[in-house]
Amino acid sequence: MPELPEVEVVKRSLEKKILNLIIKKVKINDGNLRYKVKKQEISKLIGLKIKKIKRRSKFLIFKTNKDLLILIHLGMTGKFFFVNKKDKKIKTSFYYELIDEKKEQKHDRVIFFFKDKQKLIFNDIRKFGFIKLYNLEQFIKNSHFKKLGPEPLTKNWNSRYFKNFILGRNRNIKNLLMDQNFISGLGNIYVNEILHKSGIRPTRKVSTLKNYEIKKIVQNTKKTLKVAIKFGGSSIKDFSNEDGKKGTFQQYFQVYGRKGEKCSNIDCNMTITKLVISNRASFFCKACQK
DNA sequence: AGGCATGTTACAGG
DNA sequence: ACCTGTAACATGCC
């Protein structure tokens, strides 16, 4: 499910649910995520209060009231479900009913328990996600953040940075935008959309980009992500936030998954082409994207 | 049955 | 040492 907009949506909804809750118990159904979740280590969380939730790129960080924090990545299929037996609203929502009926779902990997039978479930089908504990000292030098590029929605992501980074390099623009060390938070879907909006073909070598094209890519990155967040992210397959609410940005995809459909640009009669680049599907319009 | 899937990373080759 | 691209991870769906 998760590129930057989806992770941001999850972050915002979790903030409304688990802030200031104390972890009473942690249950590991299957600790074989990207990194092994060990019972002994995760038990250190018991008794700690969740004080703050942050997002960096596609990572979530839960800060506690002690010198211990949780770093989470949703991987490809990671999801959170929050279950609150006392909350009428959630009780009527889709996911509450689902969970209540089935008790536990198949891919519930790790479950955090709070007071009054409230719980936060980390569900991850493919197990590419992870949950890691750090103290502050370790966290500051954690390998995941070492080389991470700028956040796309900050002023650090700009044309000057872009031009400077590509000096002496010559890869294609699709791979560059997917490179988390160049810009952090984008993934396959949003890169496809951004390049279509910018009129740039995914195979374009970065050394051939004109200044105005770089500007367009930077602006369209910000615009696309902002709108996607506004619409609650994209729910392809089964993405949802912890309320079971679905994002709706997938309705606005111009190219992703639209092979053979007509290009959305007015006056363009071309159909969308699919091309695999570096093992990932790329979708683009041959007429509009140069 | 085979191909494909929103991500990351270890490794190979230049 | 740097740069780039590929394959692998685990699981399910079409």
Side-chain angles (χ1 to χ4, degrees), chain A residues 1-11 29-37 55-60 71-80 105-110 122-132 142-149 152 165-195 202-207 221 224-225 228-229 231-241 246-260 274-283:
Chain A
M1 88 180 200
E3 296 179 40
L4 188 152
E6 291 76 36
V7 179
E8 178 64 21
V9 169
V10 170
K11 181 225 168 198
N29 286 341
D30 183 350
N32 296 308
L33 305 181
R34 170 172 289 281
Y35 306 108
K36 182 97 180 168
V37 182
R55 178 192 62 73
R56 169 76 172 102
S57 181
K58 304 172 193 171
F59 298 87
L60 286 169
L71 180 65
I72 294 158
H73 197 289
L74 300 172
M76 205 84 115
T77 51
K79 292 183 281 283
F80 277 116
Q105 288 184 271
K106 195 171 179 188
H107 306 293
D108 292 348
R109 309 296 183 190
V110 179
F122 181 76
N123 177 293
D124 186 1
I125 298 172
R126 288 167 73 183
K127 302 199 283 191
F128 289 167
F130 68 74
I131 298 176
K132 263 174 139 180
N142 92 75
S143 60
H144 302 286
F145 287 15
K146 259 277 148 46
K147 293 160 69 185
L148 218 47
F165 191 96
I166 63 176
L167 282 179
R169 295 180 182 182
N170 202 18
R171 36 204 311 216
N172 64 54
I173 183 64
K174 171 87 192 302
N175 286 344
L176 181 77
L177 291 176
M178 297 281 286
D179 183 349
Q180 303 298 302
N181 299 327
F182 171 57
I183 176 174
S184 63
L186 300 184
N188 201 33
I189 291 180
Y190 291 105
V191 168
N192 273 295
E193 296 302 315
I194 290 161
L195 288 175
T203 49
R204 194 67 184 279
K205 294 287 183 184
V206 293
S207 60
T221 302
T224 306
L225 296 181
I229 291 169
F231 283 94
S234 304
S235 292
I236 70 170
K237 297 277 165 69
D238 55 357
F239 164 71
S240 64
N241 67 20
K246 307 253 177 194
T248 58
F249 188 70
Q250 66 278 10
Q251 299 171 239
Y252 306 99
F253 289 170
Q254 307 294 301
V255 284
Y256 183 81
R258 296 202 184 279
K259 179 187 173 185
K274 179 183 172 183
L275 174 69
V276 175
I277 301 172
S278 301
N279 288 325
R280 313 305 292 243
S282 295
F283 300 89

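Throughout, protein chains are lettered first and strands after them, A, B, ... in sequence-line order, and every chain is numbered starting at 1.
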With stacking defined as ring centroids separated by under 5.5 Å and planes differing by under 30°, is Phe128(A) stacked against dT8(B)? no
When the distance from CG of Leu176(A) to P of dG5(C) is rounded to whole Å, what number comes out? 10 Å
Please state how far atom CG in Leu177(A) lies from atom C1' in dG7(B), giving the value in whole angstrom units. 16 Å
Spacing between Arg171(A) atom CZ and dG13(B) atom P, to the nearest angstrom: 20 Å
Lys274(A) side chain, from C-beta outward: closest of dA5(B), dG5(C), dA10(C): dA5(B)
Protein-nucleotide distance (Lys147(A), atom NZ; dC3(C), atom C1'), rounded to Å: 11 Å
Polar side-chain atom of Arg55(A) near backbone of Ser57(A) as donor-acceptor pair, under 3.5 Å: yes
Kindly point out which of dT4(C), dG7(B), dT6(C) is positioned nearest to the side chain of Arg169(A)? dT4(C)
Do the side chain of Arg280(A) and the base of dG5(C) come within less than 3.5 angstrom through a donor-acceptor pair of N or O atoms? no
Between Met178(A) and Leu186(A), does a side chain to side chain contact (heavy atoms under 4.5 Å, CB included) hold up when you go through it step by step? CA-CA 6 Å; Met178(A) 297 281 286; Leu186(A) 300 184; over 6 Å; no
Donor-acceptor pair under 3.5 Å, Asn188(A) side chain vs dA5(B) base: no
Worked check of side chain to side chain contact (heavy atoms under 4.5 Å, CB included) between Phe80(A) and Leu74(A): CA-CA 9 Å; Phe80(A) 277 116; Leu74(A) 300 172; 4.1 Å; yes
Pair assignment for dA10(C), Watson-Crick or G-U wobble, requiring both distances under 3.5 Å: none
Short N-O contact, Asp124(A) and Arg109(A), less than 4.0 angstrom: no
Please classify the nucleic acid contact of Asn32(A) as base, sugar-phosphate, or nothing, using heavy-atom distances under 4.0 Å. nothing
Aromatic ring proximity Phe130(A)/His144(A), centre distance under 6.0 Å: yes
Any idea which of dA5(B), dT4(C), dT8(B) is nearest the Gln180(A) side chain? dT8(B)
Judged by nearest nucleotide, the residue sitting upstream toward the 5' end of DNA chain C, Asn170(A) or Asn279(A), is Asn170(A)
To the nearest angstrom, how far is Lys106(A) atom NZ from dA10(C) atom P? 16 Å
Does Ser278(A) make a side-chain N or O approach to OP1 or OP2 of dG5(C) shorter than 4.0 Å? no
Minimum side-chain heavy-atom gap Tyr190(A)-Leu4(A) below 4.5 Å: no
Report the distance from atom CD1 of Ile72(A) to atom P of dT8(B), rounded to the nearest whole Å. 15 Å
Can you check whether His73(A) has a side-chain N or O nearer than 4.0 Å to OP1 or OP2 of dT8(B)? yes
Go through dT8(B), dT11(C), dA5(B) for me and flag the one nearest to the His107(A) side chain. dT11(C)
Length of the line joining Lys127(A):NZ and dT9(B):P, which is rounded to integer Å: 19 Å
Atom pair distance, as rounded to whole Å: CZ in Arg109(A) and C1' in dC9(C): 13 Å
Does the dA5(B) base have a donor-acceptor partner in the side chain of Arg126(A) within less than 3.5 Å? yes
Look at all strands and tell whether Asp124(A) reaches a base, only sugar-phosphate, or nothing, counting heavy atoms closer than 4.0 Å. nothing
Mind checking Tyr190(A) for me? I need base, sugar-phosphate or nothing, with any heavy atom below 4.0 Å counting as a touch. nothing
Check whether any side-chain N or O of Lys58(A) sits under 4.0 Å from OP1 or OP2 of dG7(B), and answer yes or no. yes
